[in-house]
Colleague: 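Pasting a structure below so you can have a look.
Just so it is clear: chains get the letters A, B, ... in the order the sequence lines come, proteins before strands, and each one is counted from 1.
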There are 2 protein chains.
Amino acid sequence: MTHSADIVRTGRKFEQVLEGAREIFMAEGFEGASVDEIAKAAGVSKATLYSYFPDKRLLFVEVVRAQCDRMADRAIELISECAPPRQILTVAAGHIVRFLLSDFAQRIFRICVAERDRFPELGQSFYANGPQMGKARLAEYLSDAVTRGELRIEDIELAAEQFQELCKTRLWLRAAFGIQEVFSEAEIDYVIDNAVETFMARYGAK
Amino acid sequence: MTHSADIVRTGRKFEQVLEGAREIFMAEGFEGASVDEIAKAAGVSKATLYSYFPDKRLLFVEVVRAQCDRMADRAIELISECAPPRQILTVAAGHIVRFLLSDFAQRIFRICVAERDRFPELGQSFYANGPQMGKARLAEYLSDAVTRGELRIEDIELAAEQFQELCKTRLWLRAAFGIQEVFSEAEIDYVIDNAVETFMARYGAK
DNA sequence: GCAAGTGTAAACTGATTGGTTCACTTCCAA
DNA sequence: TTGGAAGTGAACCAATCAGTTTACACTTGC
């Protein structure tokens with residue numbers, strides 16, 4: 001584990017440094033961010049920064065790790081009520097889409113992809129805390145729904161992943177490339193409804 | 001248009017330069033590639049390189065533009081035979097998946113995303129020559145199949161995009177993050193079959 | 001009041017990079 | 001044969017950046 005080793009967490013300015021680094025790294029990526037810039041944004045001298053973190057790399061890893069933790073907290077509460085699947089899936093899709101299109105997720109995704117070779121562990125961390133966790137929650141619900149006889153699914157994991165993919169339709173790729181920045185509620189709802197419709201066509205109990 | 005303006009296309013070494021740049025940029029990205037490195041890879045002096053291209057930026061744009069053009073050539077031939085939709089879709093999905101997972105597509109994708117702010121036009125070019133073109137071809141086939149009564153689709157464009165997304169399930173994201181490098185035929189076929197199955201469940205003529 | 005711990009500002013090092021210049025060579029066509 | 005275009009390689013410049021060091025200031029507790 002690289003975590004927390006070599007990192008001094010005592011001292012008043014620790015959080016400040018982390019916060020400044022978060023801001024700059026998220027805006028500029030790893031290479032794009034200079035340490036001077038980070039120190040300035042954090043309202044801290046470079047020497048202080050280096051008294052907490054041994055180097056830029058470790059600071060970066062720490063920032064992304066913290067962001068991923070945050071992400072885990074925001075994880076969607078799948079209301080496990082016994083509402084009809086269509087309704088529950090629609091709500092879930094709303095959460096998924098809004099997360100995928102969030103500034104936060106988009107930025108982290110870009111950084112993970114851009115820095116893939118330099119920091120292979122970033123992608124894994126993001127994947128585990130983001131898509132994979134979402135899939136797990138979804139699979140949990142689907143599993144319940146199947147035992148309740150509301151759905152008919154052979155491979156639950158795959159179904160969950162297909163649903164996630166369906167939620168990206170027409171939206172995610174355009175956002176990732178910066179082709180489209182804002183999406184109207186109507187656009188989003190249309191995609192969501194169709195995702196649910198297609199999913200139910202395959203997996204809905206007859 | 002920035003294209004071709006300020007670029008001298010005469011001279012024996014022009015192609016060499018472009019080829020070297022392609023190699024290095026594709027492997028290292030924009031920032032990651034140094035001009036010296038490119039000149040070396042091209043077997044050309046830095047002065048020569050700069051006699052062709054006014055600066056690194058333009059060289060980069062030229063390289064990626066050429067790559068995107070190439071992509072259009074590889075575009076999938078959708079056999080418009082009147083084979084049953086399931087069969088045609090399975091073949092199409094095979095092409096889509098294999099392209100998405102190719103080293104080529106993965107690299108270009110990464111560069112487009114990473115360099116999104118510096119070169120916004122790259123993403124658009126990639127999107128237009130890749131996903132969008134694929135969608136168009138697919139939509140064309142779907143449209144025919146609908147008139148033939150083999151499928152029932154209201155929004156053909158959306159259906160095509162959903163199919164593309166279904167093809168990514170379980171594979172693409174893992175490849176993009178570098179979590180998984182190689183995928184077995186069995187894995188791929190499984191995903192493809194399920195993509196077709198889900199698609200047909202929604203859009204197959206009853 | 002003083003010493004230790006924490007922080008600051010700024011200068012500095014060493015390395016890299018994009019881009020330029022220049023003296024020199026190679027090669028081909030008129 | 002010769003003149004000019006194309007190419008070479010190495011030195012060079014200015015800028016940027018990670019990381020270090022030094023000399024100084026502030027607080028806090030004893």
Side-chain angles (χ1 to χ4, degrees), chain A residues 2 4-65 111 114-115 117-119 122, chain B residues 2 4-65 111 114-115 117-119 122:
Chain A
T2 38
S4 38
D6 312 318
I7 296 181
V8 187
R9 281 170 194 285
T10 71
R12 326 194 291 277
K13 305 291 181 87
F14 180 79
E15 283 300 328
Q16 262 184 62
V17 173
L18 215 60
E19 173 57 26
R22 196 181 66 81
E23 180 189 332
I24 301 297
F25 276 136
M26 284 295 138
E28 312 272 0
F30 179 74
E31 285 288 354
S34 85
V35 176
D36 290 278
E37 203 178 358
I38 290 172
K40 207 175 101 189
V44 141
S45 78
K46 206 157 61 143
T48 300
L49 187 155
Y50 273 102
S51 79
Y52 287 122
F53 296 91
D55 62 16
K56 190 187 178 187
R57 252 189 85 98
L58 224 57
L59 175 54
F60 182 66
V61 170
E62 192 61 17
V63 163
V64 178
R65 209 183 53 75
I111 293 179
E115 245 58 65
D117 293 326
R118 224 184 315 265
F119 304 104
L122 285 189
Chain B
T2 38
S4 38
D6 313 320
I7 297 182
V8 187
R9 279 167 194 286
T10 72
R12 325 194 291 279
K13 306 291 181 86
F14 180 78
E15 284 299 330
Q16 261 184 62
V17 173
L18 215 60
E19 174 56 26
R22 197 181 65 80
E23 180 189 332
I24 303 297
F25 276 137
M26 283 295 140
E28 313 271 2
F30 179 73
E31 284 288 355
S34 88
V35 176
D36 290 280
E37 203 179 357
I38 290 172
K40 206 174 102 189
V44 139
S45 79
K46 207 160 59 144
T48 299
L49 187 154
Y50 273 103
S51 80
Y52 286 122
F53 296 90
D55 62 15
K56 189 187 178 187
R57 254 189 87 94
L58 223 56
L59 175 55
F60 181 67
V61 170
E62 192 62 17
V63 163
V64 179
R65 208 183 53 75
I111 290 180
E115 248 56 67
D117 292 324
R118 225 185 313 265
F119 305 100
L122 289 188

Colleague: Any carboxylate oxygen within less than 4.0 angstrom of a Lys/Arg side-chain nitrogen, looking at B/Glu62 and B/Arg65?
Modeller: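 B/Arg65 and B/Glu62: salt-bridged.
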
Colleague: D/dA18, C/dT20, D/dG9: which one has an atom nearest the side-chain heavy atoms of B/Ala47?
Modeller: D/dG9

Colleague: Would you say C/dG7 has OP1 or OP2 under 4.0 Å from some side-chain N or O of A/Tyr52?
Modeller: yes

Colleague: Would you mind reading off the distance between B/Phe14 atom CZ and D/dA5 atom C1', rounded to a whole angstrom?
Modeller: 18 Å

Colleague: Separation of A/Leu49 atom CG from C/dT8 atom C1', in whole Å?
Modeller: 13 Å

Colleague: Just to be sure I understand the rule, does A/Thr48 reach a base, reach only the sugar-phosphate, or reach nothing, if contact means heavy atoms closer than 4.0 Å?
Modeller: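 Base: the residue A/Thr48, judged by heavy atoms under 4.0 Å, touches a nucleobase.
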
Colleague: Without decimals, in angstroms, what is the distance between A/Tyr50 OH and D/dA18 P?
Modeller: 6 Å

Colleague: Applying a 4.0 Å non-hydrogen cut-off, can you work out what B/Ala33 is touching in the nucleic acid: base, sugar-phosphate, or nothing?
Modeller: sugar-phosphate

Colleague: Begin from the C-alpha positions of A/Leu58 and A/Tyr52 and carry the test side chain to side chain contact (heavy atoms under 4.5 Å, CB included) through to its verdict.
Modeller: CA-CA 10 Å; A/Leu58 224 57; A/Tyr52 287 122; over 6 Å; no

Colleague: Just the rounded figure in Å: distance from P of D/dA6 to CD of B/Gln16.
Modeller: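 The distance from CD of B/Gln16 to P of D/dA6 comes to 15 Å, rounded to the nearest Å.
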
Colleague: If we ignore hydrogens and angles and just use 3.5 Å, is the side chain of A/Lys56 paired with the main-chain N or O of A/Ser34 as donor and acceptor?
Modeller: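 Checking the backbone N and O of A/Ser34 against the side chain of A/Lys56, no donor-acceptor pair under 3.5 Å is found.
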
Colleague: Answer with yes or no whether A/Lys56 presents, from its side chain, a donor or acceptor under 3.5 Å of a partner atom in the base of D/dG19.
Modeller: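 It does not, because no donor-acceptor pair links the side chain of A/Lys56 to the base of D/dG19 below 3.5 Å.
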
Colleague: Rounded to whole Å, how long is the line connecting atom CG of B/Asp36 with atom C1' of D/dA11?
Modeller: 12 Å

Colleague: Parallel, tilted or perpendicular: which one describes the rings of B/Phe60 and B/Phe25, with boundaries at 30° and 60°?
Modeller: perpendicular

Colleague: Over how many whole Å does the gap from B/Asp55 atom CG to D/dA15 atom C1' extend?
Modeller: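 My rounded result for the distance is 16 Å.
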
Colleague: Just the rounded figure in Å: distance from C1' of C/dT16 to NZ of B/Lys40.
Modeller: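 In whole Å, C/dT16 C1' and B/Lys40 NZ are 15 Å from each other.
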
Colleague: Ignoring hydrogens and geometry, is there a side-chain-to-backbone donor-acceptor pair from B/Lys13 to B/Ala42 under 3.5 Å?
Modeller: no

Colleague: Are any of A/Ser45's side-chain N or O atoms less than 4.0 Å away from OP1 or OP2 of C/dG7?
Modeller: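 Checking A/Ser45 against C/dG7: no side-chain N or O falls below 4.0 Å of OP1 or OP2.
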
Colleague: Measure from CD on B/Glu31 to C1' on D/dA18 and round the result to the nearest Å.
Modeller: 15 Å

Colleague: Would you classify B/Gly43 as touching base, sugar-phosphate or nothing, given that sugar-phosphate means primed atoms plus P, OP1 and OP2, and contacts are heavy atoms under 4.0 Å?
Modeller: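 Contact class for B/Gly43: sugar-phosphate only.
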
Colleague: Does B/Lys46 make a side-chain N or O approach to OP1 or OP2 of C/dT17 shorter than 4.0 Å?
Modeller: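 Checking B/Lys46 against C/dT17: no side-chain N or O falls below 4.0 Å of OP1 or OP2.
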
